[in-house]
Structure formats: structure tokens, C-alpha cells
2 protein chains.
Amino acid sequence: MEKVRPFSQALDRLRDAGLRPTRQRLALAKLLFDDCHRHITAEQLHSEALTGNIRVSLATVYNTLHQFTAAGLLREIVVDAGRSYFDSNTTCHHHFFDESSGLLSDVPKGQLEVTGMPVPPVGSEVESVNVVVRIRAAS
Amino acid sequence: MEKVRPFSQALDRLRDAGLRPTRQRLALAKLLFDDCHRHITAEQLHSEALTGNIRVSLATVYNTLHQFTAAGLLREIVVDAGRSYFDSNTTCHHHFFDESSGLLSDVPKGQLEVTGMPVPPVGSEVESVNVVVRIRAAS
DNA sequence: GTGTTTGCAAAGTGTTTGCAATTTA
DNA sequence: TAAATTGCAAACACTTTGCAAACAC
């Protein structure tokens with residue numbers, strides 16, 4: 001008889017974030033965090049869940065993505081007016097956004113250097129610096 | 001009697017771009033290009049036009065903004081999932097985006113340097129490199 | 001049990017589209 | 001006059017919301 005496989009990191013992540021580990025959150029967290037880093041939209045995650053026989057509504061996927069983002073487990077990447085992308089890698093890095101396919105990918109470390117922290121307008125403070133390299137299928 | 005004031009650059013811009021200088025396009029072009037550079041959304045431009053007694057529909061504002069962008073007169077800036085911004089300054093520069101107010105502004109030249117042109121995934125080519133500094137009202 | 005979370009369907013937002021009427025050259 | 005452009009209203013894609021039922025502790 002097979003041993004119960006050890007818990008993925010998903011449960012601990014939820015606990016640490018103070019989020020109740022509900023069936024839906026756990027399942028989504030596993031999809032998001034168990035393997036390598038992901039760049040994903042709400043729709044994509046939802047259909048991935050359904051494919052994996054995880055019953056979850058699209059509304060809950062949206063809620064969950066925002067809760068995870070607020071908890072610092074995800075980073076929201078704005079590259080497309082009209083669609084939100086979420087990145088399971090919250091460390092500082094830059095992105096390629098393929099306008100032909102809508103695919104988001106990481107710029108390998110060291111290829112792009114941003115130097116200098118700009119002085120924000122008075123009364124405001126810098127929250128993050130985002131770099132997006134827009135690409136297209138070569139002509 | 002007052003002399004007819006000289007044509008703004010708007011008419012020439014439209015001619016050069018091969019766009020028929022209709023009443024609506026001319027009026028929008030004047031709002032966009034006659035004074036200093038603008039960062040503006042379709043809604044904003046539309047209400048600005050109405051305020052200036054220029055009858056134009058929102059649909060036409062959208063069409064016009066996209067035509068101007070395709071013609072290289074404007075640059076589209078993606079900073080907010082759900083809203084498109086257009087910049088009348090098409091030269092290379094970076095932006096502050098104030099998440100509290102939704103205001104877009106330029107990062108003064110020299111404060112932020114991007115070095116290195118990343119190698120895009122095979123089969124694709126770099127179209128542009130966009131840097132957005134997200135800011136917030138200071139706490 | 002009690003407060004949290006979920007799912008549904010409806011509402012909301014910004015944007016695009018189809019097509020008849022209007023305008024431009 | 002012929003072709004391009006406009007305005008309207010309906011359609012659209014994505015996201016959020018309200019609330020009753022289900023769930024976690």
C-alpha cells in the first residue's frame with residue numbers, strides 16, 4: 001500500500017499567510033506553487049483546475065488570486081490592458097511579453113540591468129519598478 | 001478684425017500620416033499635440049472634447065486613438081489592466097504610474113538607466129522595452 | 001455553532017463592432 | 001458621386017459583487 005505522500009508546500013504557505021486552507025485554495029495553491037514558477041491568468045488557472053477535476057468557480061479563482069497577491073504569495077504583472085497575469089515568482093525580475101501569443105516569460109538574469117532609483121513626485125513613494133520587453137513573432 | 005491664426009501642427013500631422021483631416025480628428029489632434037505632451041485615456045480625451053464643445057462620440061475617440069497609434073503619432077502605455085493610456089510623446093522614456101490616483105507622468109531623463117538588450121526567445125523579436133515605476137501616495 | 005468561504009448569476013467596466021447616416025475629396 | 005468616416009447602440013471580454021448555501025474550525 002502506498003504511503004500518503006507528504007504535504008506539498010501549499011498548506012504551509014496558506015497557513016503562514018493566515019488563509020484558511022479550504023479545498024479550493026489548497027488545490028489552486030498546488031497548481032501555482034508546487035512545480036516551477038508560473039505566469040498565468042485567471043481563466044487559464046480556472047480551466048487548468050477544471051481539467052484536473054478540481055471543482056472551483058471562476059469567481060473563486062479571481063478572489064483567490066487577489067488574496068494570494070495581497071498575502072505576497074503572488075505578484076500581479078500588468079502587460080495587457082484587459083487581462084491580468086499573475087506570477088508565482090515574487091522576486092525581482094523582468095518579463096518578455098509576446099504580443100502575438102499573449103505569453104509571458106522571464107528575461108534571464110543579467111540580460112537587462114536597471115540602474116538608478118528615480119525620485120518620485122513629492123508626496124508619493126516608489127512601490128516597484130517594472131520592466132516589460134514586448135516581443136513579437138519575427139517577421 | 002482678428003487675423004486667422006496659423007494652422008496648428010495638427011493638420012500637417014494628419015496629412016503626413018495619410019489620415020483624412022476630418023473635423024473630429026483635427027479637434028482631437030489639437031487637444032493631443034498642440035500644447036505640451038499628454039498622458040490620457042480615451043474617456044479623458046472624450047470628456048475634454050465635450051467640454052471644449054467638440055461633438056465626437058466615444059467610439060470615434062477610440063478609433064482615432066488607435067489610428068494615431070498605428071500611424072506612430074501616439075504611443076500606447078499599458079499600466080493598468082482595464083484601462084488604456086496614450087502618450088503624445090513617442091520618444092523613448094519611462095513612466096511613473098500613481099496607483100492611488102491613476103495618474104501617469106514621465107520619469108525625468110537620467111534618473112533611470114536600462115542597459116542591455118535582452119535576447120528574445122527564438123522566433124521572436126524585441127519590439128520595445130517598457131519601464132513603469134509604480135508609486136503611491138506616501139504613507 | 002459561528003464566522004468564513006464558495007458558487008452562481010447579475011452587474012459593472014472599458015472597449016469594440018455593425019451598420020445606416022453623414023461627410024470628405 | 002464614391003469612398004471614407006462617424007455615431008449610435010448593441011455586443012464584447014474580463015472582472016467584481018451580492019447573497020444564500022456550504023464549509024472549516
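Below, chains carry the letters A, B, ... as their sequence lines are ordered, and counting in each starts from 1.
A distance-only check finds a donor-acceptor pair linking the side chain of B/Thr51 to the backbone of B/Ser47 [under 3.5 Å]. Judged purely by atom type and a 3.5 angstrom limit, A/Asp98 uses its side chain to pair as donor or acceptor with the backbone of A/Ser100. A/Tyr85 contributes a side-chain N or O that, together with a main-chain N or O of A/Gly102, makes up a donor-acceptor pair within less than 3.5 Å.
Applying the salt bridge (Lys or Arg N to Asp or Glu O under 4.0 Å) criterion to B/Glu127, with sequence neighbours excluded, gives A/Arg136. For B/Ser57, the side chain to side chain donor-acceptor pair (under 3.5 Å) partners at least two apart in sequence or on another chain are B/Thr60. Residues forming a side chain to side chain donor-acceptor pair (under 3.5 Å) with B/Glu43 (at least two apart in sequence, or on another chain): none.
Ionic pairing of B/Glu76 and A/Arg134 is not present here: no N-O contact between side-chain nitrogen and carboxylate oxygen is shorter than 4.0 angstrom. Using a cutoff of 4.0 Å between basic side-chain nitrogens and carboxylate oxygens, A/Arg83 and A/Asp80 are scored as salt-bridged.
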Check nucleotides 12-14 of chain D for protein N or O atoms closer than 3.5 Å to its own N or O atoms and list the pairs.
from, atom 1, to, atom 2, distance (Å)
D/dC14, OP1, A/Arg83, NH1, 3.3
D/dC14, OP1, A/Arg83, NH2, 3.4
D/dC14, O3', A/Gly82, O, 3.1

So which protein N/O to nucleotides 23-25 of chain D N/O distances come out below 3.5 Å?
none

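Cluster partners of A/Val119, using a side-chain heavy-atom cutoff of under 4.5 Å among ILVMFWY residues and allowing indirect links: none. Other residues sharing a hydrophobic cluster with B/Val131 under the 4.5 Å side-chain heavy-atom criterion for ILVMFWY residues are A/Phe96, A/Val107, A/Leu112, A/Val114, A/Met117, A/Val126, A/Val129, A/Val131, A/Val133, A/Ile135, B/Phe96, B/Val107, B/Leu112, B/Val114, B/Met117, B/Val126, B/Val129, B/Val133, B/Ile135.
For DNA chain C, none of the residues of residues 63-75 of chain A falls under the heavy-atom distance limit of 4.0 Å. Listed by residue number, the members of residues 45-61 of chain A with any heavy atom below 4.0 angstrom from DNA chain C are A/Arg55, A/Val56, A/Ser57, A/Ala59, A/Thr60.
Using a 4.5 Å cut-off on side-chain heavy atoms (C-beta onward), A/Val61 and A/Val56 make contact. For the pair B/Gln24 and B/Thr64, the minimum side-chain heavy-atom distance is 4.5 Å or more. At least one side-chain heavy atom of B/Asn130 sits less than 4.5 Å from a side-chain heavy atom of B/Arg75.
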Donor-acceptor contacts under 3.5 Å from residues 66-74 of chain B side chains, at least two apart:
from, atom 1, to, atom 2, distance (Å)
B/His66, ND1, B/Tyr62, O, 3.3
B/Gln67, OE1, B/Arg25, NE, 3.3
B/Gln67, OE1, B/Arg25, NH2, 3.4
B/Thr69, OG1, B/Leu65, O, 2.7

CA sep, side-chain torsions, deciding dist, call: B/Asp87, B/Asp106, side chain to side chain contact (heavy atoms under 4.5 Å, CB included):
CA-CA 10 Å; B/Asp87 190 345; B/Asp106 289 347; 4.2 Å; yes

I would like to know whether B/Leu11 and B/Leu26 meet side chain to side chain contact (heavy atoms under 4.5 Å, CB included); could you show each step before the answer?
CA-CA 6 Å; B/Leu11 184 61; B/Leu26 257 170; 4.1 Å; yes

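Ring orientation note: the planes of B/His93 and B/His39 are tilted relative to one another, at an angle of 30° to 60°.
Comparing the local axis fitted to the first five base pairs of the helix from C/dG1-D/dC25 to C/dA25-D/dT1 with the one fitted to its last five gives a bend of 30°, rounded to 10°.
Read 5' to 3', the first and last nucleotides of DNA chain C with an atom closer than 4.0 Å to a heavy atom of chain A are C/dG3 to C/dC8.
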